[in-house]
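Read the numbers this way: they start at 1 and go in the same order the structure lists the ligands and their atoms. Just so it is clear, the model here is predicted, and its values are computed rather than measured.
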Amino acid sequence: MPYNAPEGTADMLPAVARLWRSTTETAAKLFAAYGYEPIDTPIFEMTEVFTRGIGEATDVVGKEMFTVRSGENYKRALAAGSDEGLKSKQKLSLRPEGTAGVVRAVVQHNLVEQGAAPAKLFYAGPMFRAERPQKGRLRQFHQIGVECLGATEPTADAEMIIMLMRFYETMGVPRQNMRLLINSMGDDACRPAYRESVRQFILDHEDEMCEECRRRAETNPLRAFDCKNETCSHVMEAAPKITDNLCDDCRTHYEAVKALLDAAGISYIEDPTLVRGLDYYTRTVFEVQVTEGMGSQSAIGGGGRYDKLAESVGGRPTPGLGFALGFERMVLALEAAGALGESTKRVDGYVACVDDSVRAAAFDLVCAARDAGLCVEMDHQGKSLKSQFKMADKVNARVVIVLGPDELSQGKARIRNMRSHAEKLVDIAAAKRLLSQFGGQRVGGASSPINIDTVFSFENDDKE
Ligand code: HAM
């Protein structure tokens with residue numbers, strides 16, 4: 001029986017894989033304008049990085065992490081019946097998100113030296129959460145994220161939110177389909193008392209709330225705001241709100257962020273129940289939701305400030321903030337808005353052979369063109385000329401270069417422009433001389449310094 005990809009994972013077939021690459025390139029370019037540099041951290045980390053960083057009581061850590069065991073440790077854990085005998089460095093987990101690992105790397109490599117400018121880092125890659133798969137919710141999904149470490153001022157929060165919204169605009173998610181929610185989660189000065197008041201509120205309404213929320217009262221009371229149970233969400237509407245309980249510093253910070261967003265013309269909805277699913281947040285949190293065509297997984301991206309995270313992974317106090325967006329959910333949002341452009345394979349030229357006698361010459365021309373950085377293909381299946389033209393059409397070749405024994409004996413080939421259907425005979429040696437000037441470029445496709453029209457002089461008859 002043929003195997004399928006594991007439940008909750010999806011193969012990125014070429015059209016989606018192309019979109020993933022172009023999306024990460026767009027992100028890299030846009031984020032570079034804001035001073036961001038790339039970083040890549042391991043796909044697995046010591047489990048403690050996540051338990052300490054994200055919080056043991058979160059669903060992400062408590063219920064959804066994939067454990068990784070090396071061969072030896074697997075045997076040891078199996079013999080002992082648990083992981084308990086393993087040293088911390090042997091307890092590993094696949095990353096459920098990127099922030100904890102990036103902050104661990106920033107601390108490990110001292111990327112935010114005292115008095116230095118903030119470290120601005122972006123990443124793109126797979127994340128793993130053992131959730132129940134459904135539309136827009138995968139067990140292996142892809143995030144593009146940014147983290148800024150060392151910035152305290154509200155301008156950094158506003159910059160972060162603006163950058164995320166600009167990214168969605170650039171990708172073509174219509175503004176009117178998006179809802180930007182913001183909130184402040186307070187800090188060490190005001191959150192403990194607020195948390196206690198929510199805990200007390202849940203206990204006072206215990207008999208109306210689900211078992212999970214009753215448990216949350218002790219472990220993570222703020223998560224009760226996210227309960228999907230209708231009665232719980234109805235009860236929580238009357239719960240105390242963080243925005244009524246912020247200390248002066250947090251209130252001033254929050255007001256400043258909102259004023260900066262107003263000035264930048266970014267519309268947002270204040271949602272005092274937005275608590276997010278990760279425990280590291282302090283002060284500003286935000287989430288972008290799309291309602292159209294998303295099923296119940298409407299959050300396409302989110303983030304916030306985490307001024308205590310560096311300390312919880314063993315670093316010195318370093319304020320930070322960031323966001324991550326879900327690639328698969330953004331694709332669903334683009335699809336629902338009819339804004340997902342077609343992603344087709346496109347090659348510069350297709351070298352077709354009239355018969356086998358010209359195959360070696362065709363191969364030689366293809367090699368020269370590729371070495372000059374052009375994207376060209378030829379037939380490797382012994383197909384008829386007609387079928388080769390069909391293949392050329394399929395890969396959207398701009399030109400087809402037909403090599404036949406008669407023309408070849410005079411050093412010529414017939415070139416057809418596949419858009420204008422113009423045809424001409426060209427001199428192979430001259431084309432190869434031109435190609436050889438660019439030999440060794442090997443950059444390929446769109447970034448090639450030459451284009452196929454120049455080599456085969458079609459410049460002027462392709463104006464359709
Ligand atoms: P998050 O809200 O957990 O935040 O995830 C960010 C985005 O990843 C979500 O808005 C969603 O689009 C996507 N996502 C999450 N889980 C899944 C899933 N199971 N399937 C498909 N897509 C999913 C974070 O991960 C934080 N690290 C963001 C951050 C960065 N905060 C500060 N810096």
Under 3.5 Å, N or O to N or O, is [X] touching ligand 1 that way?
X	answer
Glu328	no
Gly303	no
Gly301	yes
Phe141	no
Tyr280	yes
Tyr281	yes
Glu287	no
Ala299	yes
Leu321	no

Note: Val288, heavy atoms under 4.0 Å from ligand 1, region reported as neither
Is it the side chain, the backbone, both or neither of Glu147 that has a heavy atom closer than 4.0 Å to ligand 1?
-> side chain
The protein heavy atom nearest to atom 30 (C) of ligand 1 is Thr99 OG1, 3.0 Å
What protein heavy atom sits nearest atom 19 (N) of ligand 1, and how far away is it?
-> Glu131 OE2, 2.6 Å
Count the heavy atoms of every other residue, nucleotide or ligand shown that sit under 6.0 Å from CD of Gln114, and state whether that count exceeds 12.
-> no
Should we say atom CZ of Arg52 is surrounded by more than 12 heavy atoms from elsewhere, each under 6.0 Å from it?
-> no
Considering only NZ, NE, NH1 and NH2 on the basic side and carboxylate oxygens on the acidic side, decide whether [X] and [Y] come within less than 4.0 Å.
X	Y	result
Lys63	Glu212	yes
Arg215	Glu211	yes
Lys345	Glu377	yes
Arg251	Asp248	no
Asp187	Arg305	no

Here the atoms of ligand 1 under 4.0 Å from any heavy atom belonging to Leu138 are 18 (C), 19 (N), 20 (N), 21 (C)
Do Lys120's NZ or CZ and the ring of Phe122 fall within the cation-pi criteria of under 6.0 Å and 45°?
-> no
